[in-house]
Protein chains: 2
Amino acid sequence: MRKSAGVAEVPQKVQGNLPKTARGEATRRAILAAAERVIGSKGYNDASIGHITSEAGVAQGTFYIYFTTKEQVFSELVLEMGRLVRHEIAEATQGYENRLDAERAGLKAFLEFVQAHPDLYRIVQEALFVDPDAYQEYYETFAAGYKSGLVAAEAAGQISEGDADTRAWALMGIAKSLGEQLVVFKSDKPIPDIVETAYSLIERGIRP
Amino acid sequence: MRKSAGVAEVPQKVQGNLPKTARGEATRRAILAAAERVIGSKGYNDASIGHITSEAGVAQGTFYIYFTTKEQVFSELVLEMGRLVRHEIAEATQGYENRLDAERAGLKAFLEFVQAHPDLYRIVQEALFVDPDAYQEYYETFAAGYKSGLVAAEAAGQISEGDADTRAWALMGIAKSLGEQLVVFKSDKPIPDIVETAYSLIERGIRP
DNA sequence: AATAAACATGAATACTGATTCATGTTTCAT
DNA sequence: ATGAAACATGAATCAGTATTCATGTTTATT
């Protein structure tokens, strides 16, 4: 149901009119940023278009120049979050040729990112109810990357044998849960300590 | 703001009128069961009182005889879920005097439970947005139990040393994530296989 | 059998909030 | 400089739905 017959279409993912001037560009960005703050703090349902536009400093109708529905801004935020997290972790694990070292660095980067962006974290969680497809894509993309890393590491003899898929989900679960403890349950445990304990478990758990 | 001054109050947690006859008892139960199905499948916001009562086969007004607000049924479902899960796991880990054996049995029981009650699983997740207090209580209660088990096992020399709190959240995260893969991402991987892989990771991760 | 308390009904209330639209204002290519 | 396209406005529309309430029915107790 993505393409209508015959006509070649834009390969973009965004719906709604994209801005065509610098002014429009700025406005769209302002709305998106406001949506992140408002939805992140109040939740999807309590975040009204009115709240978002007033936070962005524009009129209510302006919202619909750039987005077709409330749900659409939300999806866009989830996509953005995915790109950001993957980028952050890729950055942090750059240059480690040993999987286990990369694992530790990735966990640390993830926790730091989550602590710095509690809003986006909540938004992704809420996507399970607001936009299940976006939620699935987020985690499946993440899991796929994780899995292929594990497969490679196993082939290189850097970790023991074991089903990479289940391992990927288990390791993601550890990170997600520790991140949640940090931002949802407001733990004040220092990140390095958390990483030490968790990494020790992981390292023993999957080393050759 | 829980108690008004002076007067002794009921030590119960439930709000709203409790039924006083068998008939009322049955009606209340029917509404609760309907709420579980409807909220579990449509999500909190799309599940209207009308949907719930019609699913329960009663009039809309009847809802307010037993519950004060829509949020209240929801909270009650979350509480029920917590009791059920803890009971299930306590049952399953009964009789193992070794923590590691108990760990494996608990993981298996959890995954089986989640697969059998996908609705309740989603409800607990949604609680983060609908009723954060209930959500926190759910996980903190769970984590506290987990942690004390780990502390005891460590004292008994059944597992290696390590911060029990962080370990508890990490292990909970593994279970939660694998459960999610099962019911949200509809994986068809057999539970015993999942348990084998995950347990192997955990066992190596925390054994003495 | 009679009466009060419980229980049940469903239409009416009351409000919220997403989306539309007719009307202006600004930007930009020519 | 000027007209068309972009952009912006905010009041009005429109629908959904949580909660209330006046009225009726059932149950338990005497």
Side-chain angles (χ1 to χ4, degrees), chain A residues 10 12 14-39 41-77 123 126 129-131, chain B residues 10 12 14-39 41-77 123 126 129-131:
Chain A
V10 268
Q12 291 316 99
V14 280
Q15 273 221 336
N17 303 324
L18 286 174
K20 285 166 182 153
T21 70
R23 188 191 177 200
E25 189 71 41
T27 303
R28 189 180 203 275
R29 242 197 278 284
I31 294 173
L32 206 52
E36 177 183 326
R37 289 192 296 275
V38 176
I39 297 180
S41 68
K42 306 173 106 76
Y44 182 78
N45 278 282
D46 291 347
S48 71
I49 303 295
H51 287 139
I52 293 171
T53 50
S54 96
E55 170 85 11
V58 299
Q60 216 157 307
T62 306
F63 180 91
Y64 291 91
I65 295 174
Y66 302 106
F67 304 95
T68 59
T69 63
K70 185 180 168 187
E71 229 185 280
Q72 194 215 325
V73 229
F74 186 84
S75 305
E76 214 147 302
L77 287 175
I123 287 170
E126 195 162 15
F129 305 98
V130 175
D131 186 346
Chain B
V10 268
Q12 290 315 98
V14 279
Q15 273 219 337
N17 304 323
L18 286 174
K20 285 165 181 155
T21 70
R23 188 193 178 198
E25 189 73 41
T27 303
R28 188 180 203 276
R29 243 197 277 284
I31 293 173
L32 207 51
E36 178 183 327
R37 288 191 296 275
V38 177
I39 297 180
S41 69
K42 305 174 106 74
Y44 182 78
N45 279 282
D46 291 348
S48 71
I49 303 295
H51 288 140
I52 294 171
T53 50
S54 97
E55 169 85 11
V58 300
Q60 216 157 305
T62 306
F63 180 91
Y64 291 93
I65 295 173
Y66 302 106
F67 303 94
T68 59
T69 63
K70 185 179 167 185
E71 229 184 281
Q72 194 216 324
V73 230
F74 186 84
S75 304
E76 214 147 303
L77 287 175
I123 287 170
E126 194 161 15
F129 305 98
V130 175
D131 186 347

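Below, chain A is the first sequence line, B the second, and so on; all start at residue 1. These numbers come from the heavy atoms of this one structure, side chains and all, not from hydrogens, waters or symmetry mates.
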**Prompt:** To the nearest 10 degrees, how far apart in direction are the end axes of the helix from dA1(C)-dT30(D) to dT30(C)-dA1(D), each fit to five base pairs?
**Reply:** 20°
**Prompt:** Are any of the side-chain heavy atoms of Ile65(A) and Arg28(A) separated by less than 4.5 Å?
**Reply:** no
**Request:** Could you tell me which non-hydrogen atom of Gly24(B) sits nearest to which non-hydrogen atom of Pro19(B), and how far apart they are?
**Result:** C-CB, 3.3 Å
**Item:** For the student: nearest non-hydrogen atoms of Ala59(A) and Thr53(A), plus distance
**Value:** O-CG2, 3.6 Å
**Message:** Tell me the interatomic distance from Asp46(A), atom CG, to dG17(C), atom P, rounded to whole angstroms.
**Reply:** 8 Å
**Prompt:** Between atom CZ in Phe74(B) and atom P in dA18(D), what is the gap in whole Å?
**Reply:** 14 Å
**Message:** Please give me the minimum heavy-atom distance between Ile123(B) and Glu36(B), naming the atom from each residue.
**Reply:** CD1-O, 3.9 Å
**Request:** Spell out protein contact along nucleotides 5-15 of chain C as letters: B when the base is contacted, S when just the sugar-phosphate is, - when no protein heavy atom is under 4.0 Å; keep the 5' to 3' order.
**Result:** -SSBBB-----
**Message:** What I want to find out is whether Glu55(B) reaches Lys42(B) closely enough, with some N-O distance under 4.0 Å, to be called a salt bridge.
**Reply:** no
**Complete:** All heavy atoms of Glu126(A) vs all of Asn45(A), minimum pair found to be OE2-N, 4.4 Å
**Asked** Is any side-chain nitrogen or oxygen of Tyr64(A) closer than 4.0 Å to OP1 or OP2 of dT19(C)?
**Response** yes
**Request:** Mind checking Ala26(B) for me? I need base, sugar-phosphate or nothing, with any heavy atom below 4.0 Å counting as a touch.
**Result:** nothing
**Asked** Taking Tyr66(B) for the side chain and Val73(B) for the main chain, is one N or O donor matched with an acceptor at less than 3.5 Å?
**Response** no
**Side chain to side chain, Val58(A) and Phe63(A), heavy atoms closer than 4.5 Å** = no
